[in-house]
Asker: 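This is the structure I have questions about; it appears just below.
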Amino acid sequence: MSLRTAVAAPFKQQGKARIGEHEFVVSLSLERDWLAPDEAKQLVDVAADEGLVTRDDGDLVADFDVESVEIPEGFTPDESVLRERSAFEQVVDALASAGHERQTAVASVNKLQADLGLTADAAAVVYARREGVEVDAAARKAREGL
């Protein structure tokens, strides 16, 4: 996923799981020339909303295994990394990353939504939890949407 790849890059560059928010923005905008400074700041917000990073006293702490992320040669994130995804989209991606077939997951979530009378976001969270897939950030987002 390009969002995870873009977020991992500054951490990998520094060799740390905790870096200053300013360092993160400089890495993406000035050093890598991937994003404008305002876009890099927006990426921090998206990454925090997605549960990829936590803000802590001016620093960003990676909430995923940064070292497991490969940054392909010539990688450049596209504008989709700046778009906030719905809880449903986040859950489907988490399910796919955990090895679930995307189409089957969506169909199962849709059925659960109809059976229980839930929103798509809430049904996705319930389904993921039943499947043993961790989706805390999406759960918070779905809860806020209720």
Side-chain angles (χ1 to χ4, degrees), residues 1-110 113 118-146:
M1 170 200 295
S2 67
L3 174 61
R4 185 177 294 263
T5 305
V7 171
F11 291 101
K12 287 182 74 109
Q13 181 179 338
Q14 296 286 326
K16 303 177 196 171
R18 180 187 189 103
I19 61 174
E21 188 167 339
H22 178 73
E23 291 173 278
F24 183 90
V25 170
V26 167
S27 175
L28 293 176
S29 60
L30 299 176
E31 294 171 3
R32 293 183 179 271
D33 197 28
W34 283 353
L35 302 168
D38 288 345
E39 291 173 326
K41 290 175 186 173
Q42 184 180 351
L43 182 67
V44 171
D45 294 335
V46 171
D49 186 54
E50 297 265 343
L52 295 175
V53 298
T54 302
R55 287 183 164 112
D56 183 37
D57 197 29
D59 288 343
L60 296 176
V61 180
D63 291 332
F64 64 101
D65 182 12
V66 172
E67 294 306 316
S68 70
V69 177
E70 291 295 322
I71 302 172
E73 184 74 30
F75 171 81
T76 303
D78 60 30
E79 67 227 19
S80 70
V81 298
L82 301 176
R83 183 179 64 83
E84 188 174 330
R85 297 179 307 148
S86 69
F88 177 84
E89 291 171 306
Q90 290 176 17
V91 170
V92 170
D93 284 347
L95 287 163
S97 293
H100 295 258
E101 172 64 39
R102 189 176 292 273
Q103 188 173 10
T104 303
V106 170
S108 297
V109 168
N110 288 341
Q113 179 185 9
L118 300 172
T119 65
D121 290 348
V125 169
V126 170
Y127 179 76
R129 287 193 170 157
R130 286 181 177 176
E131 295 296 314
V133 176
E134 181 66 41
V135 291
D136 286 346
R140 282 190 299 277
K141 184 176 225 168
R143 195 175 309 118
E144 290 170 7
L146 295 176

Asker: Do R129 and D136 pass the side-chain contact (heavy atoms from CB on, under 4.5 Å) test, and can you show the C-alpha distance, the side-chain angles, and the key distance before you say yes or no?
Answerer: CA-CA 9 Å; R129 287 193 170 157; D136 286 346; 3.4 Å; yes

Asker: Which pairs pass salt bridge (charged side-chain N to carboxylate O under 4.0 Å, His left out) with one or both residues in residues 6-32, sequence neighbours excluded?
Answerer: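 Checked against salt bridge (charged side-chain N to carboxylate O under 4.0 Å, His left out) - neighbours excluded - the pairs reaching residues 6-32 are R18-D56, R18-D59, E21-R55.
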
Asker: I'd like to check D121 versus S86 (side-chain heavy atoms, cut-off strictly below 4.5 Å). Are they in contact?
Answerer: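 Answer yes - side chains close enough.
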
Asker: OG/S27 to CG/L35 distance, rounded to the nearest 0.5 angstrom?
Answerer: 10.0 Å

Asker: Begin from the C-alpha positions of V81 and V46 and carry the test side-chain contact (heavy atoms from CB on, under 4.5 Å) through to its verdict.
Answerer: CA-CA 8 Å; V81 298; V46 171; over 6 Å; no

Asker: To the nearest 0.5 Å, how far apart are CZ in R102 and OG in S97?
Answerer: 7.5 Å

Asker: Does the side-chain contact (heavy atoms from CB on, under 4.5 Å) test come out yes or no for T119 and F88, once each step is laid out?
Answerer: CA-CA 9 Å; T119 65; F88 177 84; over 6 Å; no

Asker: Using atom types as modelled and distance alone, determine if a side-chain donor or acceptor of Q14 lies under 3.5 Å from a backbone N or O of F11.
Answerer: no

Asker: Show every side chain to side chain donor-acceptor pair (under 3.5 Å) that has at least one partner inside residues 137-146, sequence neighbours left out.
Answerer: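 Those involving residues 137-146 are D49-K141, E84-K141.
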
Asker: What is the minimum heavy-atom distance between V125 and A142, and which atoms define it?
Answerer: CG2-CB, 4.1 Å

Asker: Do you know which two heavy atoms are closest between V66 and A62, and how far apart they sit?
Answerer: CG2-CB, 3.4 Å

Asker: Evaluate the side-chain proximity of R83 to E89: yes if any heavy-atom separation is below 4.5 Å, no if none is.
Answerer: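 Contact flag for E89/R83 side chains = yes.
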
Asker: Rounded at 0.5 Å granularity, tell me how far CD in Q42 sits from CG in L82.
Answerer: 4.5 Å

Asker: Would you name the heavy atoms of A123 and V109 that are closest together and state the gap between them?
Answerer: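 So the minimum-distance heavy-atom pair works out to CB-O, 3.8 Å.
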
Asker: According to salt bridge (charged side-chain N to carboxylate O under 4.0 Å, His left out), does anything in residues 64-79 pair up with another residue at least two apart or in another chain? List the pairs.
Answerer: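 Applying salt bridge (charged side-chain N to carboxylate O under 4.0 Å, His left out) to every pair that reaches into residues 64-79, excluding sequence neighbours, yields nothing.
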
Asker: Any side-chain heavy-atom pair from P10 and V25 closer than 4.5 angstrom?
Answerer: no

Asker: Let's go through L43 and L3 carefully: what are the C-alpha distance in whole Å and the side-chain angles of both, what is the deciding distance for side-chain contact (heavy atoms from CB on, under 4.5 Å) to 0.1 Å, and is it a yes or a no?
Answerer: CA-CA 9 Å; L43 182 67; L3 174 61; 3.4 Å; yes

Asker: Strictly below 4.0 Å, N to O, side chains only: are D93 and R4 in salt-bridge contact?
Answerer: no

Asker: For L28 versus A6, what's the shortest heavy-atom pair and its separation?
Answerer: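 Smallest heavy-atom distance, with atoms named: CD2-O, 3.6 Å.
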
Asker: Quick one: closest heavy-atom pair of V7 and F64, and the distance?
Answerer: CG1-CE2, 3.9 Å

Asker: Is the backbone of A40 close enough, under 3.5 Å, to the side chain of W34 for a donor and an acceptor to pair up by distance?
Answerer: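 Such a contact is absent between W34 side chain and A40 backbone.
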
Asker: Could you tell me if the side chain of T54 sits less than 4.5 Å from the side chain of L60, heavy atoms only?
Answerer: no

Asker: As an exercise, state the distance from CD of E131 to OG of S108, rounded to the nearest 0.5 Å.
Answerer: 7.0 Å

Asker: How close do V91 and A138 get, heavy atom to heavy atom, and via which atoms?
Answerer: CG2-CB, 3.5 Å

